[in-house]
Undergrad: 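Please read through the structure below; I'll follow up with questions.
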Amino acid sequence: MKIGIVGVGHIGKTLSRKLSAAGHDVKVANSRGPETIDATALATGARAVPAAEAVKDVDVVILSVPLNRVPEIAPLLAGVPAETVVIDTSNYIPGRDSQIAAIEAGQVESLWVAQQLGRSIVKAWNSIGSDSFALKGRPAGTPGRIAIPVAADDDHERAVATALVEDTGFDGFDAGPLAQSWRQQPAAPCYCTDLTRDEMPAALANAEAARLPKRRAIAGAAVAERFGDGTNPDSEYLVRLSRALYM
């Protein structure tokens with residue numbers, strides 16, 4: 001499959017390595033130019049290209065950028081064919097993204113992204129910590145394999161994203177339509193808690209929308225106090241903290 005990834009931060013870099021290692025033709029881009037992309041993102045065969053090239057002639061576009069940057073990259077996708085599957089991995093982090101009024105008022109993050117892009121999207125890979133994503137992938141059928149929820153309104157798009165999640169070493173789990181994807185947003189029970197396929201249904205069902213912002217703020221403060229702002233904690237600490245606060 002031909003895949004373009006826009007954004008090569010913690011999640012985007014791992015996506016680049018895992019998907020190219022799985023045999024996909026992967027192009028990656030960032031906002032600063034291909035020459036600035038870390039060689040580790042290209043270690044398994046992905047190619048660094050300008051952003052406009054990353055979304056051209058591909059089957060799938062994966063957006064792995066801070067949520068507040070979605071409006072500025074929307075024009076990049078204006079010419080992308082409707083049949084191209086667009087997958088979003090982002091989360092709303094107010095301290096990083098500034099306040100987005102519609103989301104603060106209750107709009108589901110994925111629906112806001114789809115609105116900015118003017119097209120359907122899939123939500124995936126947003127609910128796993130970057131360290132777990134990089135280190136904990138396992139072959140299909142491995143006992144205890146971590147599941148990643150996949151939300152979409154289109155069955156074909158969901159199937160494509162689910163297959164790609166499987167290629168990165170995790171069980172893809174059907175999390176329903178985008179309107180329900182708030183159940184995999186930050187501070188929900190399935191967020192950064194490294195759950196299995198069998199544990200995922202209860203976690204999604206037990207999510208409480210009204211409690212997410214406060215829990216997200218508490219977790220953010222705890223991580224900043226221990227590691228400093230802008231630092232991603234290791235999986236052991238993050239999973240332990242997330243399970244204590246969200247489940």
Side-chain angles (χ1 to χ4, degrees), residues 5-16 28-33 36-38 41 51 54 61-77 86-117 121-134 148-149 151 178 181-193 207 209-235 237-242 245-246:
I5 300 173
V6 180
V8 282
H10 294 294
I11 296 294
K13 181 167 61 176
T14 299
L15 282 167
S16 175
V28 298
N30 63 12
S31 60
R32 299 183 304 280
T36 67
I37 292 176
D38 192 319
V61 172
I62 302 175
L63 302 180
S64 192
V65 300
L67 196 84
N68 66 344
R69 289 195 52 226
V70 169
E72 72 182 66
I73 66 172
L76 193 67
L77 275 72
V86 176
I87 306 173
D88 173 44
T89 76
S90 63
N91 291 304
Y92 177 49
I93 309 296
R96 177 198 65 195
D97 298 325
S98 300
Q99 289 200 345
I100 297 174
I103 295 177
E104 291 287 337
Q107 186 174 22
V108 176
E109 295 172 18
S110 299
L111 295 179
W112 182 85
V113 171
Q115 185 179 68
Q116 304 309 305
L117 299 179
I121 66 165
V122 184
K123 191 75 165 185
W125 292 297
N126 73 298
S127 64
I128 187 165
S130 60
D131 198 44
S132 288
F133 186 42
I148 291 179
L178 285 181
S181 64
W182 63 268
R183 296 179 183 275
Q184 65 195 70
Q185 288 177 187
C190 76
Y191 183 77
C192 293
T193 48
R211 302 183 71 179
L212 300 189
K214 185 174 182 178
R215 290 178 175 181
R216 181 186 62 206
I218 293 171
V223 170
E225 188 276 332
R226 184 178 179 109
F227 297 97
D229 291 329
T231 301
N232 278 19
D234 63 84
S235 62
Y237 173 83
L238 185 59
V239 172
R240 188 168 67 247
L241 175 69
S242 299
L245 290 177
Y246 309 156

Undergrad: Is there a side-chain contact between P94 and E104 in this structure, where contact means two heavy atoms from C-beta onward sitting under 4.5 Å apart?
TA: yes
Undergrad: Looking at Q184, is its backbone amide N or carbonyl O close enough to the side chain of N126 to form a donor-acceptor pair, meaning the two atoms are under 3.5 Å apart?
TA: yes
Undergrad: Verify side-chain contact (heavy atoms from CB on, under 4.5 Å) between D38 and V8, making sure each step is shown before the conclusion.
TA: CA-CA 8 Å; D38 192 319; V8 282; over 6 Å; no
Undergrad: Find the distance between OH (Y246) and CZ (R216) and round it off to the nearest 0.5 Å.
TA: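 With rounding to 0.5 Å, OH (Y246) is 9.5 Å from CZ (R216).
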Undergrad: Nearest 0.5 Å, what's the CZ-CG distance between R183 and L212?
TA: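 One finds 10.0 Å between CZ of R183 and CG of L212.
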Undergrad: Is there side-chain contact between S31 and E72, with at least one heavy-atom pair below 4.5 Å?
TA: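 Heavy-atom side-chain distance check fails, nothing below 4.5 Å.
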Undergrad: For G7 and V65, which heavy atoms make the closest approach, and how far apart are they?
TA: CA-CG1, 4.1 Å
Undergrad: With side chains defined as the heavy atoms from C-beta onward, is the minimum distance between L76 and V61 less than 4.5 Å?
TA: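 Sidechains of V61 and L76: no contact.
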Undergrad: Which atom pair, heavy atoms only, marks the closest approach of N91 to P186?
TA: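 Nearest pair, atom of N91 first, then P186: OD1-CD, 3.4 Å.
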Undergrad: Which pair of heavy atoms, one from S110 and one from I121, lies closest together, and at what distance?
TA: O-CD1, 3.5 Å
Undergrad: Under 3.5 Å, is there a donor-acceptor pair between the side chain of S16 and the main chain of A41?
TA: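 Indeed, once roles are kept as given, a pair shorter than 3.5 Å links the two residues.
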Undergrad: To the closest 0.5 Å, what do you measure between OG (S64) and CG (N30)?
TA: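 Between S64 OG and N30 CG, I get 11.5 Å after rounding to 0.5 Å.
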Undergrad: Which heavy atom of T193 sits nearest a heavy atom of P189, and at what distance?
TA: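 Nearest pair, atom of T193 first, then P189: OG1-O, 2.7 Å.
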Undergrad: How far does CG of L245 sit from CZ of R211, to the nearest 0.5 angstrom?
TA: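 The CZ atom of R211 is 10.5 Å from CG of L245, to the nearest 0.5 Å.
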Undergrad: If only atom types and distance count, is the side chain of S242 paired as donor or acceptor with the main-chain N or O of V239 below 3.5 Å?
TA: no
Undergrad: Would you mind writing out the side-chain donor-acceptor pairs for residues 127-134 within the sub-3.5 Å range, not counting sequence neighbours?
TA:
unit_1, atom_1, unit_2, atom_2, d
S130, OG, N232, ND2, 2.9
D131, OD2, S235, N, 2.8
D131, OD2, S235, OG, 3.3
S132, OG, D194, OD1, 3.4
S132, OG, D194, OD2, 2.8

Undergrad: To check you understand the geometry: which heavy-atom pair defines the closest contact between W112 and V70, and what is its length?
TA: CZ3-CB, 4.2 Å
Undergrad: Do T89 and I62 have side chains that get closer than 4.5 Å, going by heavy atoms?
TA: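 Contact flag for T89/I62 side chains = yes.
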Undergrad: Could you state the interatomic distance from CZ (R240) to SG (C192), rounded to the nearest 0.5 Å?
TA: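 Here the rounded value is 14.0 Å.
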Undergrad: Go through the steps for Q107 and I100 under the test side-chain contact (heavy atoms from CB on, under 4.5 Å), then give the verdict.
TA: CA-CA 10 Å; Q107 186 174 22; I100 297 174; over 6 Å; no
Undergrad: Write down the atom of A151, the atom of S181, and the distance for their closest heavy-atom approach.
TA: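 Heavy atoms only, the tightest pair is CB-CB, 3.7 Å.
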Undergrad: Mind checking salt bridge (Lys or Arg N to Asp or Glu O under 4.0 Å) for R96 and listing every partner two or more places apart, or none if nothing turns up?
TA: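 Per chain and number, R96 pairs via salt bridge (Lys or Arg N to Asp or Glu O under 4.0 Å) with no residue.
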Undergrad: In Å, rounded to the nearest 0.5 Å, how long is the span from CD of E109 to NZ of K123?
TA: 5.5 Å
Undergrad: State, with a plain yes or no, whether a side-chain heavy atom of P213 is found less than 4.5 Å away from one of Y92.
TA: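 No, side chains not in contact.
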Undergrad: Do L67 and I93 have side chains that approach each other closer than 4.5 Å (heavy atoms only, starting at C-beta)?
TA: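 Heavy-atom side-chain distance check fails, nothing below 4.5 Å.
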Undergrad: Parallel, tilted or perpendicular: which fits the ring planes of F227 and Y237, with parallel below 30° and perpendicular above 60°?
TA: perpendicular
Undergrad: Are any of the side-chain heavy atoms of L63 and L77 separated by less than 4.5 Å?
TA: yes
